[in-house]
Amino acid sequence: MPGKFYRKVLKNGLTILFEKRNLPIVSIGIAFRYGGVNESASERGISHFIEHMLYKGTKNRTSSQISQEIEKNGGVMNGFTDEEITAFWCKMPSDKLYIALNVLTDMVKNSLFSSKEMEKERKVIFEEMKMDYDNPQRYVLDQIQGLLYEKPLGIPLIGNYETMNPIDRTKLVKRFQDAYHPDNTILCIVGNADFSEIVKFAESNFGKGKSRINKQKIILKNREKIEKRKGIDQANLVFAFHSPLSTDKKVYASKVLMAIMAYGMSSRLFREIREKRNLAYAIFGDTNANKDFSYNYIYVGTTKEKVEENKNIILDEFKKVSNELTEEELDSTKNQLIGNYKISMENSETQMNHLLFYEIDRDVKEFYEFEKKIREVRLKDVRNLAKIKNYSLFALVPE
């Protein structure tokens, strides 16, 4: 189980999260409450662009020096952009913690946003778009959001050629200056370190500043779409529907529902679609719950001729759950989720991400109450959530 947890908000608004562990490893993340939900339709992808640019050089380090200082000291580093968060992280031997902190702090405070590097990185992102397009599973999981929400949320988080091409240095720097301030920053560390020393570092290395960010209006919808493509052999489909927000207490019932339906080989849809009918190899699902929007989804890789049959099976299984779910199946699924939760905490990097997302979406201390929240889920709540009235479906099929 995890060690002692600390949370502190500094006078400048910066939030520090720390979980103490005794292994000689530490995961460090600096994150900002800024992502896709803050972008207009015309600038979709700008948060992801900023993430890339912070690795391209600072006043103190070149791009090569940034990566070398982490990797030559035994660490790994990366970043990610989501709808409500942008983060930069390292995983290091614990005695190299302050090397990582100095590098990450330099990146978020002193990045150059070189025009030359920006044009080079734009091409890199275009290649990333192509990579996503060429991966049918990734592509359909990206596209389903566009059938659940109007623009801007309906545009892929990475953006597209129409939104990315007009972004110049002035726009990029302005968005960075709007959002990347201490009052909008979370420093999260999981590992063998001293909390008081972390606080001293943060107080000495982050100044003051007031963020200026807006959220875009989120408009829900439900649509179905079939897209044909040459050169693929399998149909990839995603079935999705709106679900309780992360701040809604029923989000835990939603997690239980999706575990019943599509978590692992014992799930209803895996047994029905793959084991019983042999219609697919890959079947999985999850809850994408945020404080501003939320949906549940199920992915199936099948044949072109069986898309409609798979959709009907999914709908039928939800109906069965809404009418027939027993306390016995509910309890066994709760045990599954609680066990998965405990296993997930083994990795300090995964734990760091858990804490960041809980801080963004709700009270971070609720993460440590996960078992209690799952145990409290009631049969009638899961049954009610299984009564699917409206849904979206996207399928990419061979032409």
Side-chain angles (χ1 to χ4, degrees), residues 136-137 139-149 154 220-228 234-245 248 250-289 293-330 332-333 336-337 377-398:
Q137 187 180 105
Y139 180 75
V140 296
L141 290 170
D142 281 344
Q143 293 298 310
I144 192 62
Q145 197 164 293
L147 301 181
L148 290 163
Y149 304 97
L220 282 61
K221 66 178 181 180
N222 287 110
R223 300 284 189 276
E224 292 188 57
K225 181 180 179 181
I226 306 292
E227 182 177 315
K228 296 180 180 180
Q234 187 179 57
N236 296 259
L237 72 93
V238 181
F239 176 97
F241 57 97
H242 301 289
S243 60
L245 299 175
D248 188 327
K250 290 184 180 178
V251 70
Y252 293 97
S254 186
K255 290 178 182 292
V256 171
L257 173 62
M258 292 310 295
I260 290 167
M261 299 302 294
Y263 282 15
M265 293 187 291
S266 61
S267 65
R268 282 175 170 251
L269 289 174
F270 190 97
R271 296 198 312 267
E272 187 67 26
I273 292 174
R274 175 168 160 167
E275 297 301 302
K276 181 178 178 180
R277 303 179 189 241
N278 311 123
L279 296 176
Y281 172 75
I283 307 107
F284 61 84
D286 207 346
T287 298
N288 184 7
F293 71 99
S294 181
Y295 62 91
N296 294 335
Y297 68 87
I298 293 160
Y299 167 87
V300 182
T302 187
T303 59
K304 178 181 178 180
E305 296 76 20
K306 299 297 183 179
V307 168
E308 189 71 16
E309 182 177 352
N310 276 281
K311 182 185 82 170
N312 291 332
I313 292 169
I314 292 168
L315 288 168
D316 188 52
E317 286 300 315
F318 273 109
K319 185 176 180 180
K320 288 178 181 178
V321 170
S322 72
N323 293 321
E324 303 170 5
L325 181 65
T326 64
E327 290 285 359
E328 182 180 8
E329 185 177 3
L330 178 66
S332 67
T333 304
Q336 177 186 1
L337 280 170
V377 169
R378 298 178 298 178
L379 181 69
K380 68 176 184 178
D381 289 333
V382 179
R383 281 187 167 190
N384 286 336
L385 288 173
K387 295 175 181 177
I388 307 300
K389 296 179 180 178
N390 299 297
Y391 60 87
S392 294
L393 183 138
F394 182 84
L396 178 68
V397 303

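Side chains are part of it too, since the values below use all heavy atoms of this structure and drop only hydrogens, waters and symmetry mates.
- Residues satisfying the side-chain contact (heavy atoms from CB on, under 4.5 Å) criterion with R378, sequence neighbours excluded, are K380, D381.
- In this structure S267 satisfies the side-chain contact (heavy atoms from CB on, under 4.5 Å) test together with F270, sequence neighbours excluded.
- Shown here are the ring-ring contact (aromatic ring centres under 6.0 Å, His included) partners of Y263, two or more places apart in sequence or in another chain: there are none.
- A pairwise comparison of heavy atoms in K221 and G146 identifies CE-O, 2.9 Å as the closest pair.
- Taking every heavy atom of both residues into account, T302 and K306 meet most closely at OG1-CB, 3.6 Å.
- A donor-acceptor pair under 3.5 Å is absent between the side-chain atoms of S322 and the main chain of A386, judged by distance alone.
- Within a 6.0 Å sphere centred on NZ of K320, heavy atoms belonging to other residues, nucleotides or ligands number more than 12.
- Between Y295 and Y297, the ring-plane angle classifies as tilted under the 30° and 60° cut-offs.
- For L325 against L330, the heavy-atom pair with the smallest separation is CD1-N, 4.3 Å.
- Residue pairs meeting the ring-ring contact (aromatic ring centres under 6.0 Å, His included) criterion with at least one member in residues 305-328, sequence neighbours excluded: F241-F318.
- Residues that satisfy the side-chain contact (heavy atoms from CB on, under 4.5 Å) test with S266, not counting sequence neighbours, are Q336.
- With sequence neighbours left out, the side chain to side chain donor-acceptor pair (under 3.5 Å) criterion links Y139 to E227.
- Considering only residues two or more places apart in sequence or on other chains, I313 meets the side-chain contact (heavy atoms from CB on, under 4.5 Å) condition with L269, E272, I273, R277, L279, E309, E317.
- Remark: side-chain polar atoms of K225 are not paired, donor with acceptor, to backbone N or O of I144 under 3.5 angstrom.
- The side chain to side chain donor-acceptor pair (under 3.5 Å) check on K387 picks up N384, with sequence neighbours excluded.
- Across all their heavy atoms, M261 and I314 have their closest contact at CE-O, 4.3 Å.
- Two residues are said to be in side-chain contact when any heavy atoms from C-beta on lie closer than 4.5 Å; L393 and I226 meet this criterion.
- Put simply, the side chain of P244 does not reach to within 4.5 Å of the side chain of T287, judged on heavy atoms.
- Within a 6.0 Å sphere centred on NZ of K311, heavy atoms belonging to other residues, nucleotides or ligands number more than 12.
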Problem - Step-by-step side-chain contact (heavy atoms from CB on, under 4.5 Å) determination, N288 to Q145 - result: CA-CA 10 Å; N288 184 7; Q145 197 164 293; 4.3 Å; yes

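- The ring-ring contact (aromatic ring centres under 6.0 Å, His included) check on F284 picks up Y299, with sequence neighbours excluded.
- In plain terms, the two heavy atoms of A280 and G301 that are nearest each other are CB-O, 2.9 Å.
- Side chains of L148 and L220 form no contact here, defined as non-hydrogen atoms less than 4.5 Å apart.
- For NZ of K319, the number of neighbouring non-hydrogen atoms (other residues, nucleotides, ligands) closer than 6.0 Å is 12 at most.
- Partners of T333 under the side chain to side chain donor-acceptor pair (under 3.5 Å) rule, at least two apart in sequence or in another chain, do not exist in this structure.
- Applying the side chain to side chain donor-acceptor pair (under 3.5 Å) test to Q137 and every residue at least two apart in sequence or in another chain returns nothing.
- Between Y149 and H242, the closest side-chain pair of non-hydrogen atoms falls below 4.5 Å.
- Shown here is E275, whose CD atom has more than 12 heavy atoms of other residues, nucleotides or ligands within 6.0 Å.
- Every residue meeting the ring-ring contact (aromatic ring centres under 6.0 Å, His included) condition with F239, not counting sequence neighbours, appears here in chain and number order: Y391.
- Taking all atoms of both residues into account, the shortest heavy-atom contact from A253 to V382 is O-CG2, 4.0 Å.
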